[in-house]
Amino acid sequence: AQKVTQAQTEISVVEKEDVTLDCVYETRDTTYYLFWYKQPPSGELVFLIRRNSFDEQNEISGRYSWNFQKSTSSFNFTITASQVVDSAVYFCALGDYGQNFVFGPGTRLSVLP
Amino acid sequence: DTEVTQTPKHLVMGMTNKKSLKCEQHMGHRAMYWYKQKAKKPPELMFVYSYEKLSINESVPSRFSPECPNSSLLNLHLHALQPEDSALYLCASSPRDTTYEQYFGPGTRLTVT
């Protein structure tokens, strides 16, 4: 069965600090997809990134970057120079071709001014 | 248009009522989803329609009944719910299946009395 673990339940940082959110996954599939979503206090889930299991290149999008390491089954997310608007719950997720999709438990990030 | 709409925003129903939740997308996506999210928990996948074919989560009680009239519309029929079914119900869509990014609606906040 698929499983996603986010060990950090809550993180607090001061604005402009860098922060890394950890994600570890388990699957028996060789082909799978990993995702990150953001759920701000307003409640609506926002898609951030999709990565397939064969693409281990790191990705950067503005202040966001992702590090995928298949050897350790991890897909970590770093926010550089955090801002108050980054405060949200962040979910890592795993999807496969068998119509399975599972979210991790989420990490609540608070960025203090 | 990258919007998924859901109605109603809020719903209060008694345990003997029958009600329906509605979801619509006009992005040409061929997969649509229902999730249940309890407070401080991740969304849990209930149902997937991919190319209008239903994939059932065996753990979902039969008092929840999905319907996909066409590729743009998704309904969730509710009957004889229990107070523990009170939650935020999220609809999402994706281009094909669970290997693609999902776009979420704002959700319906359901309270069962």
Side-chain angles (χ1 to χ4, degrees), chain A residues 1-10 21 23-25 27 29-55 59 61 64 66 75 88-110, chain B residues 2-7 9-10 23 25 27 29-60 66 68 74 87-110:
Chain A
Q2 298 177 325
K3 185 178 179 181
V4 177
T5 302
Q6 295 176 254
Q8 305 144 310
T9 304
E10 295 191 29
L21 310 182
C23 172
V24 173
Y25 62 92
T27 179
D29 293 337
T30 55
T31 304
Y32 51 88
Y33 289 76
L34 296 164
F35 305 81
W36 277 94
Y37 287 84
K38 174 182 180 180
Q39 190 170 37
S42 60
E44 195 157 338
L45 277 151
V46 177
F47 162 73
L48 297 177
I49 190 171
R50 168 183 181 249
R51 176 55 53 87
N52 76 55
S53 52
F54 297 105
D55 182 4
E59 182 154 343
S61 175
Y64 295 171
W66 291 269
F75 187 41
V89 180
Y90 291 87
F91 293 101
C92 182
L94 173 65
D96 67 17
Y97 284 107
Q99 305 296 19
N100 299 304
F101 196 89
V102 62
F103 282 92
T107 296
R108 181 175 299 277
L109 174 65
S110 298
Chain B
T2 58
E3 190 180 46
V4 175
T5 58
Q6 290 187 244
T7 55
K9 290 186 179 179
H10 301 275
C23 176
Q25 59 90 10
M27 294 178 275
H29 288 173
R30 300 309 304 272
M32 295 187 77
Y33 310 81
W34 280 116
Y35 288 85
K36 174 183 178 180
Q37 187 176 25
K38 301 281 273 185
K40 302 198 176 191
K41 295 291 186 181
E44 294 179 11
L45 184 60
M46 300 175 71
F47 302 106
V48 180
Y49 275 94
S50 180
Y51 290 87
E52 292 156 56
K53 179 181 175 183
L54 175 62
S55 295
I56 295 178
N57 182 339
E58 298 291 342
S59 67
V60 177
C68 189
L74 186 65
L88 181 67
Y89 288 83
L90 295 164
C91 175
S93 71
S94 71
R96 287 189 185 177
D97 54 34
T98 46
T99 65
Y100 285 78
E101 63 276 13
Q102 297 175 37
Y103 295 90
F104 285 80
T108 294
R109 177 74 60 188
L110 174 67

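Reminder, nothing fancy here: chain letters follow the sequence lines and each chain counts from 1.
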Do you know which of A:Gly104, A:Ser42, A:Gly98 has the most heavy-atom pairs with chain B at a distance under 4.5 angstrom? A:Gly104
Chain A contact via B:Ser55 - side chain, backbone, both or neither, heavy atoms under 4.5 Å: side chain
Indicate yes or no: at least one non-hydrogen side-chain atom of A:Trp66 is less than 4.5 angstrom from one of A:Leu34. no
If we only count heavy atoms from C-beta on, is the B:Arg30 to B:Arg96 side-chain gap below 4.5 Å? no
Does one side chain, of B:Tyr33 or B:Thr98, offer a donor that lies under 3.5 Å from an acceptor on the other? no
Against B:Cys23, only a single residue in B:Thr108, B:Leu90, B:Leu74 fulfils side-chain contact (heavy atoms from CB on, under 4.5 Å); can you say which? B:Leu74
Which one, B:Lys41, B:Gln37, B:Lys40, leads in non-hydrogen pairs under 4.5 Å with chain A? B:Gln37
Below 4.5 Å from any heavy atom of chain B, which atoms of A:Phe35 appear? Answer side chain, backbone, both or neither. side chain
Is A:Phe101 in contact with chain B via its backbone, its side chain, both, or neither, using a 4.5 Å heavy-atom distance? both
Heavy-atom pair count under 4.5 Å with chain B, highest-scoring of A:Asn100, A:Val89, A:Thr31: A:Asn100
Can you tell me which portion of B:Tyr35 sits under 4.5 Å from chain A's heavy atoms? Options are side chain, backbone, both or neither. side chain
Could you check if a side-chain atom of B:Phe104 sits within less than 4.5 angstrom of a side-chain atom of B:Gln102, using non-hydrogen atoms only? yes
Residue pair A:Thr107 / A:Leu21: nearest heavy atoms and the distance that separates them: CG2-CD2, 4.0 Å
Within a strict 4.5 Å, meaning less than it, do heavy atoms of the A:Gln99 and B:Asp97 side chains meet? yes
Within residues 48-55 of chain A, contacts to chain B at heavy-atom distances under 4.5 Å involve A:Arg50
Engaged part of A:Tyr37 at the chain B interface, taking heavy atoms whose separation is under 4.5 Å: side chain
Do A:Phe91 and B:Pro43 have side-chain heavy atoms sitting under 4.5 Å apart? yes
Is there side-chain contact between B:Tyr100 and B:His29, with at least one heavy-atom pair below 4.5 Å? no
Tell me whether the count of non-hydrogen atoms from other residues, nucleotides or ligands lying under 6.0 Å of NZ in B:Lys38 goes above 12. yes
Does any heavy atom of chain A fall under 4.5 Å from the side chain of B:Glu44, the backbone, both, or neither of them? neither
